[in-house]
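Accompanying notes for the structure given below.
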Amino acid sequence: MGKNNDFVKQITKKSEDFSKWYIDVIKRAKLADYSPMKGMMVIRPYGYEIWELIKENLDRMLKETGHRNAYFPLLIPESFLKKEAEHVKGFAPEVAWVTIGGNEVLEERLAIRPTSEAIICSMYSKWIKSWRDLPLLINQWANIVRWEKVTRPFLRTTEFLWQEGHTVHSSYEEAEEETLKILDIYKTLAEKYLAIPVIPGLKSENEKFAGALRTYCIEALMPDGKALQMGTSHNLAQNFSKAFNIKFENKKQEIEFAWQTSWGVTTRLIGALIMTHGDDSGLILPPEISPFQAVIIPIAKGNYTKSILSEAKKIHNKLKEKGIRSCLDDRDSYTPGWKFSEWELKGVPVRIEIGPKDLEKGQVVLVNRIDRNKIFVKQENLLSTLKELLNEIQIKLFNRAKDFRENNTNNVERFSELKEIIETKKGFIKTGWCGSNKCEKEVKEKTSATIRAIINEKNSNFKKCAICGKKAKHTVLFAKSY
RNA sequence: CGGGGCGUAGCGCAGUCUGGUAGCGUAUCGGUUUUGGGAACCGAGGGUCGGAAGUUCGAAUCUUCUCGCCCCGACCA
């Protein structure tokens, strides 16, 4: 492409100021905008369309595994939230409260849900009586409010959208199996659809969900070397069933507390998407979840205008018929060059150009968003070539992100190495851990890095704990996190 | 919640130190010519300078308070 690839002049360069780039992209690509409410953003149509595609795919996978959607109330009485001690302790600092209804001061204040275990479990205790009622596999798509001190669009907002699954089972083993099954679905969502490689693992006692027995997570590495938690799946064991009195009669005619799980992913995934794939020209969206997979830009010129536009329309309709999300940009008030930059900013994976020269030759030009490579293809081959190209882009984005992660993951034996890496290049640090709270805390205090995931719980391929030097029980991943 | 920075037209900024009736680029609107990498020319509109109070003959500019955003920490999806 020659000397000047610097086509988009309106956003900060990713390499110069990553945080500013991130905000610029969100605003310029019209994914979201700040609202008058502190920490709350408006998700604009283009951003919401990405969410809808994420949602569609995850929803389908959840339904395929027997989950059904339902909806529970936004407000939770304080007494309900207080029933599970760890749970309330964990969430208390970030709950928003409703204290007045109309003109009346409420007798009991109501929490705006920071998560719905409390309200959902209170219903489950009414619905579940017998082993025949199990498993109960319910998911809800909802909004959540957590009064965060520091917010960033998509990554951490006061209000956000998510799905939260809440399931009930007749045994610990079955609950554990469900927890892992969901973790695997999340991994598929991240890797196959968002093209973001993730590492599944277990959270340490310090990092686990308030009220869970075990929290599993998927962790991704962002381009600035910080880790992002992209989803969590909790085995709640009987913690909530005991607090909310969810009991069932098992096949042996014994009354037993039920075994539960909960799990969720949020609009944060969109933040991960932006950071992982974007470049100096803006967003790059993986074809699977891009609102437009291809944008057709007619180069309408002089006498050719009419014939080119009608050809472009034909192509557009053909692609739509074949299930490709196509956009025809036939606005005549913008020049082709302007449109190129605009759609690159918006991250559309493939651009289709058709101009006088192409019309004569019976071809179109396909341009790959990743490297701007051009392919000239005969009209009759368009569909197959486009599909191949979309597939190739999806894979390339994933591989590129994976290479980055591999290149920024370091095996470490000693604390001094760990500290140096965190202070300089960051990234994931794989090391041995003795399992003690003390060592985990020491790392946090001295480096601000935390255990993102325990990736080998049963044993460790590291001999010693990097901090205390005692025998390593687990292999863990340390990183600075969002 | 602690430390730092920034709020002036839709967006990006200058003007603030040294007070004197608000400017540039871009975008927008109308018109003409254009269209293979953010087109050119002509014309037009757009602001209670984040908000409140104070000092002053006079405040974008000085003082105090307040709100919001960004960055770095502590806290969290």
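This is a predicted model, so every value here is computed, not measured. Reminder, nothing fancy here: chain letters follow the sequence lines and each chain counts from 1.
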Write down the distance between [atom1] ([X]) and [atom2] ([N]), rounded to a whole number of angstrom.
X: Ile26(A); N: rC11(B); atom1: CD1; atom2: P; value: 17 Å
X: Lys30(A); N: rC11(B); atom1: NZ; atom2: P; value: 12 Å
X: Tyr304(A); N: rU34(B); atom1: OH; atom2: P; value: 16 Å
X: Asp332(A); N: rG31(B); atom1: CG; atom2: P; value: 13 Å
X: Ile299(A); N: rA39(B); atom1: CD1; atom2: P; value: 12 Å
X: Leu309(A); N: rU35(B); atom1: CG; atom2: C1'; value: 12 Å
X: Met230(A); N: rC76(B); atom1: CE; atom2: P; value: 21 Å

Does [X] come within less than 4.0 Å of [Y], counting only side-chain N to carboxylate O?
X: Arg60(A); Y: Glu56(A); result: no
X: Lys13(A); Y: Asp17(A); result: no
X: Arg214(A); Y: Glu457(A); result: yes
X: Glu219(A); Y: Lys203(A); result: yes
X: Lys425(A); Y: Asp224(A); result: no
X: Glu440(A); Y: Lys438(A); result: no
X: Lys314(A); Y: Glu311(A); result: yes
X: Glu94(A); Y: Lys149(A); result: no
X: Glu442(A); Y: Lys446(A); result: yes

Distance between the [atom1] atoms of [N] and [M], in whole angstroms?
N: rG58(B); M: rC24(B); atom1: C1'; answer: 26 Å
N: rC49(B); M: rG5(B); atom1: P; answer: 24 Å
N: rC69(B); M: rU56(B); atom1: P; answer: 35 Å
N: rG19(B); M: rC62(B); atom1: C1'; answer: 8 Å
N: rU26(B); M: rA14(B); atom1: C1'; answer: 14 Å
N: rU18(B); M: rA9(B); atom1: P; answer: 25 Å
N: rU16(B); M: rU8(B); atom1: C1'; answer: 11 Å
N: rG37(B); M: rG73(B); atom1: C1'; answer: 43 Å

Under 3.5 Å on both distances, the Watson-Crick or G-U partner of [N]:
N: rG45(B); answer: none
N: rG73(B); answer: rC1(B)
N: rA59(B); answer: none
N: rA39(B); answer: rU33(B)
N: rU26(B); answer: rG10(B)
N: rU16(B); answer: none

Determine the contact category for [X]: base if any of its heavy atoms lies under 4.0 Å from a base atom, sugar-phosphate if only primed atoms, P, OP1 or OP2 are that close, otherwise nothing.
X: Pro356(A); answer: base
X: Lys339(A); answer: nothing
X: Val365(A); answer: base
X: Arg351(A); answer: base
X: Leu155(A); answer: base
X: Glu353(A); answer: base

For Thr267(A) and Ile43(A), run side chain to side chain contact (heavy atoms under 4.5 Å, CB included): C-alpha distance rounded to whole Å, both residues' side-chain angles, the deciding distance at 0.1 Å, then the answer. CA-CA 10 Å; Thr267(A) 34; Ile43(A) 304 177; 4.1 Å; yes
So if I take every side-chain heavy atom of Asp358(A) and compare against rG37(B), rC76(B), rG36(B), which nucleotide ends up nearest? rG36(B)
Take Phe209(A) and Arg28(A), find for each the nucleotide of RNA chain B with the closest heavy atom, and name the residue whose nucleotide sits nearer the 5' end. Arg28(A)
Return the 5'-most residue of the pair Pro36(A), Arg146(A) with respect to RNA chain B, ranking by each residue's nearest nucleotide. Pro36(A)
Tell me, for nucleotides 69-75 of chain B in 5' to 3' order, what letter each nucleotide earns: B for a base near a protein heavy atom under 4.0 Å, S for only sugar-phosphate near one, - for neither? SSS-BBS
So, is Thr335(A) near the phosphate of rU35(B), with a side-chain N or O under 4.0 Å from OP1 or OP2? no
